[in-house]
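First the structure, in the form of structure tokens, and then the observations on it.
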Amino acid sequence: MTSGRARLKEVGELDTVVRGGIVVDPSQQIEGQYDILIREGKIVELGRNIATTGRRVIECHGFTVIPGLVDVHTHLREPGGEEKETIYTASRAAAAGGYTSITAMPNTQPVCDDAQKVLQLWRRIEEDSLVRVWPFGAVTKQSAGTELAEIAQMVRAGIYAVTDDGRGVQQARLAQEALQLCAELKIPYCEHCEDESIAGSGQLHAGEAAKRLQLPGIPVSSETLMLVRDALLARECNAHLHIMHVSCAEAVSWLRILKAAGVPVTAEVTPHHLLLTETAVLKYGTLAKMKPPLRTEADRQALISALADGTIDLIATDHAPHTLQEKGAAFSKAPFGIVGLETAFPLLYTHLVRKGALTLAELVERMSCRPAALLSVPHGSLKPGFAADLTILDLEQQWVIDRERFSSRGRNTPFHGWSVYGQSILTMVEGEIVMDRGKIKIY
Ligand SMILES: [Zn+2]
């Protein structure tokens with residue numbers, strides 16, 4: 001399938017006007033009706049009544065136009081896990097969900113832990129992806145936690161950050177060395193905070209549902225111990241520490257203290273931690289089994305407040321495709337994680353924006369501008385000069401999430417059947433339409 005970015009680069013002779021939509025771009029504090037002129041894959045003008053003669057017109061009256069969403073936590077599964085997802089299917093899922101940029105977590109088979117593997121991954125991305133994909137490298141060889149990976153060489157080969165995600169780096173000394181390197185190389189160090197000596201064989205939050213199901217629990221201390229440890233280390237060497245998938249109120253309290261003290265730390269939260277609690281496993285079974293686990297209602301409320309006040313910087317999906325066969329195993333045998341690319345925006349628009357917890361502009365900032373800023377990439381904005389990466393949304397029409405219609409190979413979601421608003425109806429990467437549901441007139 002020749003569907004990748006190489007093909008996208010060939011197009012773009014004709015100017016395009018994205019006309020009459022409500023443009024919401026927090027990077028310029030814009031919220032209003034504008035036309036957008038696109039030339040050779042770049043935004044050249046935002047204005048009113050831009051001439052359309054001789055230009056392709058995408059008619060957006062009644063719809064909303066935002067900078068394309070950016071996900072800094074995506075598991076593509078390729079190489080080695082193609083039965084779960086591939087670069088191609090993940091990129092289609094991204095485009096379907098309004099994402100124009102995603103990342104490639106390194107916990108593939110083999111683990112992306114040297115420059116050669118990064119270069120191979122780049123080749124596959126260029127061949128197959130419909131959207132931008134930014135690779136991350138492993139912190140330690142095979143993410144085994146015993147020896148540092150070739151971080152500097154991987155940065156030269158084109159990684160944007162390092163993480164052993166799926167696991168935390170257990171040895172403080174290794175985390176310290178990696179943070180030091182990341183500070184020199186000017187990339188973020190991203191931690192999956194989980195002290196395995198505390199989490200042990202835990203399957204879900206150490207709370208009510210764990211007791212009821214008689215399964216071993218995962219206490220919040222497994223998360224906060226590593227968060228605080230890394231923060232102390234990051235401060236010593238002035239490295240950018242990024243905390244992945246924050247799940248609990250206690251982590252939020254620590255983040256508040258650390259940020260107030262000037263520690264260079266940022267944090268992300270997932271849609272599922274914002275919308276579900278520990279008792280979701282009683283209803284959804286293994287489709288609510290995640291790491292870190294879903295916590296209590298008080299934790300969930302703390303995450304929403306922290307996202308609103310900036311203590312948590314941004315939203316990331318932790319898109320983690322698994323086969324339904326794997327997820328159909330007994331609770332203690334099933335893998336952790338759910339898919340997220342095709343459900344993140346509509347779920348959060350419906351449950352945070354429509355319920356008044358965040359404004360639309362705030363949601364877009366946390367799903368597009370700030371994720372781009374984390375990786376210091378010039379995206380997440382519709383300013384003239386930026387690449388024309390944008391998403392057109394229908395905010396009015398209610399629809400039902402149907403996992404059978406996912407572009408992702410993963411069907412593992414607890415949100416199947418949920419009624420939502422905020423469907424992405426057209427996604428554009430570098431001026432090229434990569435997803436179009438046919439709701440918009442183009443001429
Ligand atoms: Zn993780």
Side-chain angles (χ1 to χ4, degrees), residues 71-77 81 84-85 90 102-109 111-113 134-140 142-145 149 159-170 174-175 178 188-205 218-227 229-230 241-248 251 255 265-274 276 286-295 299 303 312-322 326-327 334-341 344 371 374-375 410 412-413:
D71 189 30
V72 296
H73 194 155
T74 333
H75 295 277
L76 307 185
R77 303 303 188 204
K84 299 173 192 266
E85 191 81 291
I102 57 176
T103 45
M105 290 300 113
N107 64 336
T108 46
Q109 292 167 328
V111 170
C112 184
D113 60 2
W134 297 313
F136 282 21
V139 177
T140 64
Q142 294 167 44
S143 286
I159 59 162
Y160 285 75
V162 289
T163 183
D164 271 355
D165 185 55
R167 298 186 66 191
V169 175
Q170 300 300 307
L174 272 176
Y189 172 97
C190 304
E191 188 74 275
H192 162 117
C193 290
E194 180 187 10
D195 184 315
E196 291 170 6
S197 69
I198 302 287
S201 60
Q203 297 293 314
L204 70 172
H205 174 63
I218 304 172
V220 296
S221 55
S222 75
E223 183 173 338
T224 48
L225 269 171
M226 193 171 282
L227 188 161
R229 180 202 76 178
D230 282 359
L241 169 66
H242 178 69
I243 304 295
M244 304 172 103
H245 42 46
V246 174
S247 78
C248 57
L255 283 168
V265 59
T266 53
E268 70 186 35
V269 64
T270 72
H272 40 280
H273 288 104
L274 291 166
L276 299 172
T286 60
L287 294 178
K289 180 179 177 180
M290 347 268 187
K291 260 194 182 169
L294 301 167
R295 305 283 189 189
D299 289 311
L303 296 174
I312 292 176
D313 299 82
L314 58 100
I315 294 157
T317 66
D318 194 3
H319 177 81
H322 293 294
E326 292 167 301
K327 275 295 206 182
F336 295 88
I338 61 169
V339 289
L341 288 170
L374 174 79
L375 302 180
N412 49 315
T413 178

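Atoms within each ligand, like the ligands themselves, are counted from 1 in listed order. Along the sequence shown, residues are numbered consecutively beginning with 1. Here the structure is a predicted model, which means the values were calculated and not measured. Computed over heavy atoms, backbone and side chain alike; hydrogens, waters and symmetry mates excluded.
- For the Zn ion (ligand 1), the count of nearby protein N, O or S atoms, meaning those under 2.8 Å away, is 3.
- Judged as a side-chain contact (heavy atoms from CB on, under 4.5 Å), and not counting sequence neighbours, the contacts of P271 are I315, A344, L348.
- By the side-chain contact (heavy atoms from CB on, under 4.5 Å) test, N107 pairs with H75, R77, M105, sequence neighbours left out.
- A donor-acceptor pair under 3.5 Å is formed between the side chain of T270 and the backbone N or O of H273.
- Partners of D165 by salt bridge (charged side-chain N to carboxylate O under 4.0 Å, His left out), not counting sequence neighbours: none found.
- T317 and D71 are linked by a side-chain donor-acceptor pair at a separation below 3.5 angstrom, with hydrogens and angles left out of the test.
- For K291 (side chain) and R167 (main-chain N/O), no donor-acceptor pair under 3.5 Å exists by modelled atom type.
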